Amino acid sequence: MAEKLTSRAQGFSEWYVDLVQKAKLADYSDVKGCMVIRPNGYAIWENIQRTLDRMFKDTGHQNAYFPLLIPESYLKKEAEHVEGFAPQLAVVTHAGGAKLEEPYVIRPTSETIINRSFSKWIQSYRDLPVLINQWANVMRWEMRTRLFLRTTEFLWQEGHTCHETEEDAEAETLKMLDVYRTFAEDYMAMPVITGRKSESEKFAGADRTYSIEAMMQDKKALQAGTSHMLGQNFAKAFDTQFQGRDGKMHHVWQTSWGVSTRLIGALIMTHSDDAGLVVPPRIASRHVAIIPIFKTPEEKAQVLEKANALAAELKKASLGVMVDDDETKGPGWKYAEHELIGTCLRIELGPKDLAKGTCVMVRRDERKKEFVPLTEAVDKARGMLEQMQKDLFEKARAFRDSNTFEVNSYEEMKEKADAGFLLAHWNQDPKVEARIKEETGLTTRNRPFTVKQEPGKCVVTGESSPGRIVFAKAY
RNA sequence: CGGGGAGUGGCUCAGCCUGGUAGAGCACUUGGUUCGGGACCAAGGGGUCGCAGGUUCGAAUCCUGUCUCCCCGACCA
């Protein structure tokens with residue numbers, strides 16, 4: 001760990017790649033486009049899973065698991081769906097030493113194979129709603145990959161639900177979007193914009209797609225989660241029908257929604273700094289590292305005894321705590337290391353502290369030393385972590401808000417192309433959207449619920465626009 | 001698929017142009033001194049130089065082929 005990270009100012013991309021590897025979050029593998037998620041990175045994923053899983057259960061969903069391999073013919077049943085995913089599929093043509101009658105695709109998402117099951121499970125309106133979630137890996141062959149943000153194989157969660165009416169399905173779609181918003185903001189301390197995607201950005205096979213969009217420190221947008229109102233598209237393709245209250249057969253109305261390990265990338269690019277990873281306490285597993293400082297054997301015995309006692313108290317307060325008593329490293333080395341790997345709070349404890357009955361506490365995000373009486377250490381640690389959680393969110397929100405602009409002409413839009421989020425009027429024509437992307441690199445992110453939709457004039461054509469949509473450069 | 005770069009101890013890389021006994025830093029092992037912001041000294045261990053052919057008395061180095069990864073574009077969570 002001798003060399004430091006590339007600074008964000010030097011190169012945001014390099015900083016990111018450096019950080020991911022030096023904080024031991026992930027490694028490249030020998031498989032093209034695939035990454036190894038190391039224990040430090042996987043621990044973050046486990047915390048994301050734990051929290052989201054509880055939120056899904058609290059909203060009535062159950063977990064299930066469906067096959068990794070999907071008969072190719074399934075994908076083809078929904079025209080728009082197969083067209084959208086065809087270029088990204090990995091296909092299994094041989095197995096058991098022989099060529100297969102029908103190839104399998106490795107799931108890029110599971111709408112099709114899950115609908116096969118749904119159509120068997122559902123007979124009556126009494127069977128509805130069906131609320132299923134799956135934690136799984138998926139594979140989408142990508143031309144270009146980036147650790148956590150876009151890899152060929154990634155881990156995610158996909159929710160799939162069936163409802164009796166369009167209204168119910170729409171309500172579910174928005175409810176889960178709001179679960180994502182709550183999770184992003186309250187746990188990841190990452191402010192997000194909820195809204196509806198444009199036609200060209202929507203999921204292949206959906207009627208409508210909604211997303212949460214976050215701003216990274218380089219002012220680029222990152223789609224952090226999506227929720228789709230699938231309408232009856234898959235129900236019709238797979239004949240997922242039920243007998244309704246009217247005695248007649250109806251196709252179910254469906255939703256699907258997902259977030260992936262991409263969230264880890266979002267977390268890094270939202271909060272981390274030039275010293276390393278910064279993780280909000282509510283999503284961290286490493287809350288406190290106690291660094292004992294001593295020279296003589298007598299000091300060692302005294303300091304370690306106190307450090308272990310303090311650690312035990314902190315553990316009782318449900319904090320992830322470790323005493324870093326590795327004698328082959330000096331204290332300075334440990335400070336730097338814990339900053340790199342994103343330990344939320346550092347407690348320094350040495351002979352001088354024991355004499356005074358204090359310790360030194362340092363928040364990872366602020367890195368300011370504070371002397372704290374040992375008798376108050378646990379309360380203080382909890383308080384500092386809570387404050388850190390709030391401060392990280394507020395800092396990220398202030399950053400996003402100060403880099404969000406209303407623009408009223410195409411000229412202004414071009415000038416501010418790298419400035420952050422641009423709220424602009426657009427006539428909803430995909431050709432105009434494509435032209436803007438071609439000429440400025442900006443894409444539509446979503447039409448925010450929080451921005452009042454007032455009619456205006458498209459910045460490119462001058463034609464009528466229903467309201468402002470977010471444009472930004474995106475990951 | 002285009003365009004670039006790279007494959008040499010665990011890691012980062014030098015050596016290649018101009019062929020001649022495989023190097024450095026970090027990490028690791030042992031001993032000692034250190035320890036409140038990335039310590040130091042000494043002694044060690046560790047590499048079929050991506051793979052396959054070829055040229056040559058001799059190849060990490062030259063030639064041919066091949067595989068893989070990374071970066072930049074088109075595709076995307």
Side-chain angles (χ1 to χ4, degrees), chain A residues 1-5 11 13-14 17-18 21-22 24 27-35 83-89 108-109 137-158 180 197 200-204 209 211-214 221-228 256-266 275-276 291-297 299-300 303 324-340 346-356 358-360 362 367-369 371 434 437-438 441 443 445 474-475:
Chain A
M1 276 323 125
E3 339 87 89
K4 293 194 167 152
L5 292 175
S13 258
E14 290 82 351
V17 173
D18 251 22
Q21 293 184 93
K22 289 187 174 151
K24 301 192 176 84
D27 257 349
Y28 290 106
S29 77
D30 289 339
V31 183
K32 186 187 180 68
C34 291
M35 67 192 286
E83 191 188 329
F85 279 107
Q88 292 185 273
L89 298 177
T109 179
N137 56 339
V138 288
M139 183 164 272
R140 299 180 186 178
W141 217 257
E142 298 288 353
M143 309 272 175
R144 201 157 122 52
T145 61
R146 242 182 140 202
L147 293 171
F148 287 116
L149 300 178
R150 182 171 302 105
T151 46
T152 292
E153 180 186 11
F154 58 96
L155 304 183
W156 80 344
Q157 147 282 310
E158 47 180 325
Y180 288 155
K197 287 296 220 183
S200 59
E201 294 274 340
K202 87 171 166 51
F203 175 72
T209 289
S211 70
I212 53 172
E213 303 279 339
L222 186 125
Q223 178 176 303
T226 50
S227 187
H228 316 291
S256 70
W257 25 275
V259 297
S260 70
T261 36
R262 177 179 244 203
L263 284 176
I264 297 170
I291 315 289
I293 298 154
F294 51 81
K295 292 187 187 114
T296 65
E299 285 173 350
K300 177 181 169 184
V303 169
D324 194 346
D325 57 1
D326 180 352
E327 288 184 54
T328 67
K329 309 288 189 212
W333 191 93
K334 292 176 187 173
Y335 301 166
E337 183 67 7
H338 283 285
E339 284 166 4
L340 181 63
R346 175 174 91 231
I347 298 180
E348 302 170 18
L349 189 66
K352 291 181 211 164
D353 294 302
L354 292 195
K356 290 185 294 180
T358 61
C359 63
V360 174
V362 184
R367 292 201 283 165
K368 288 184 197 137
K369 297 199 179 200
F371 289 91
K437 183 180 180 185
E438 175 72 26
T443 53
R445 301 324 304 155
Y475 278 97

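Proteins get letters first, then strands, A, B, ... in listed order; numbering begins at 1 in each. The structure presented is a predicted model; accordingly, all values stated were derived computationally and were not measured.
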| Whole-Å distance between B/G38 P and A/K334 NZ? | 14 Å
All N/O pairs under 3.5 Å across the protein-nucleotides 30-36 of chain B interface:
| from | atom 1 | to | atom 2 | distance (Å) |
| --- | --- | --- | --- | --- |
| B/G36 | O6 | A/G350 | O | 3.4 |
| B/G36 | O6 | A/P351 | N | 3.1 |
| B/G36 | O6 | A/K352 | N | 2.7 |
| B/G36 | O6 | A/D353 | N | 3.4 |
| B/G36 | N1 | A/D353 | OD2 | 2.4 |
| B/G36 | N2 | A/E348 | OE1 | 3.4 |
| B/G36 | N2 | A/D353 | OD2 | 3.0 |

| field | Rounded C1' spacing from B/C70 to B/C62 in Å | value | 27 Å
| task | Record whether the side chain of A/E339 comes under 3.5 Å of the base of B/G38 through a donor-acceptor pair of N or O atoms. | result | no
| field | Sidechain N-carboxylate O distance under 4.0 Å for A/E213, A/K197 | value | yes
| query | How is A/R146 classified with respect to the nucleic acid when contacts are heavy atoms under 4.0 Å: base, sugar-phosphate, or nothing? | reply | nothing
| said: Can you list everything that forms a ring-ring contact (aromatic ring centres under 6.0 Å, His included) with A/Y475? Sequence neighbours excluded, please. | reply: none
| task | Round to a whole Å and report the spacing from CH2 of A/W333 to P of B/C26. | result | 15 Å
| Given that both distances must come in under 3.5 Å, which nucleotide forms a Watson-Crick or G-U wobble pair with B/G44? | B/C28
| query | Are any of the side-chain nitrogens in A/K369 or A/E348 under 4.0 Å away from the carboxylate oxygens of its partner? | reply | yes
| task | Identify whether any heavy atom of A/T226 sits under 4.0 Å from a base atom; if not, whether one sits that close to sugar-phosphate; answer base, sugar-phosphate or nothing. | result | nothing
| query | Is A/F154 touching bases, backbone alone, or none of the nucleic acid, heavy atoms closer than 4.0 Å? | reply | base
| Starting at CE of A/M35 and ending at C1' of B/C69, how long is that distance when rounded to a whole Å? | 15 Å
| Nucleotide by nucleotide, 5' to 3', does protein get under 4.0 Å of the base (B), only the sugar-phosphate (S), or neither (-) in nucleotides 1-8 of chain B, counting heavy atoms? | --------
| request: Using the ring of A/Y335 (Phe, Tyr or Trp, six-membered ring only), decide whether A/R346 places NZ or CZ under 6.0 Å from its centre and within 45 degrees of its axis. | output: yes
| task | Give none if B/A60 has no partner; otherwise give the nucleotide forming a Watson-Crick or G-U wobble pair with it, both distances under 3.5 Å. | result | none
| message | Within the 4.0 Å heavy-atom criterion, would you say A/T151 contacts the bases, only the backbone, or no part of the nucleic acid? | response | base
| Given atom CD of A/Q21 and atom C1' of B/U12, what is their separation to the nearest angstrom? | 11 Å
| Can we say A/E153 and A/R140 salt-bridge, meaning some charged N sits less than 4.0 Å from an Asp/Glu carboxylate O? | no
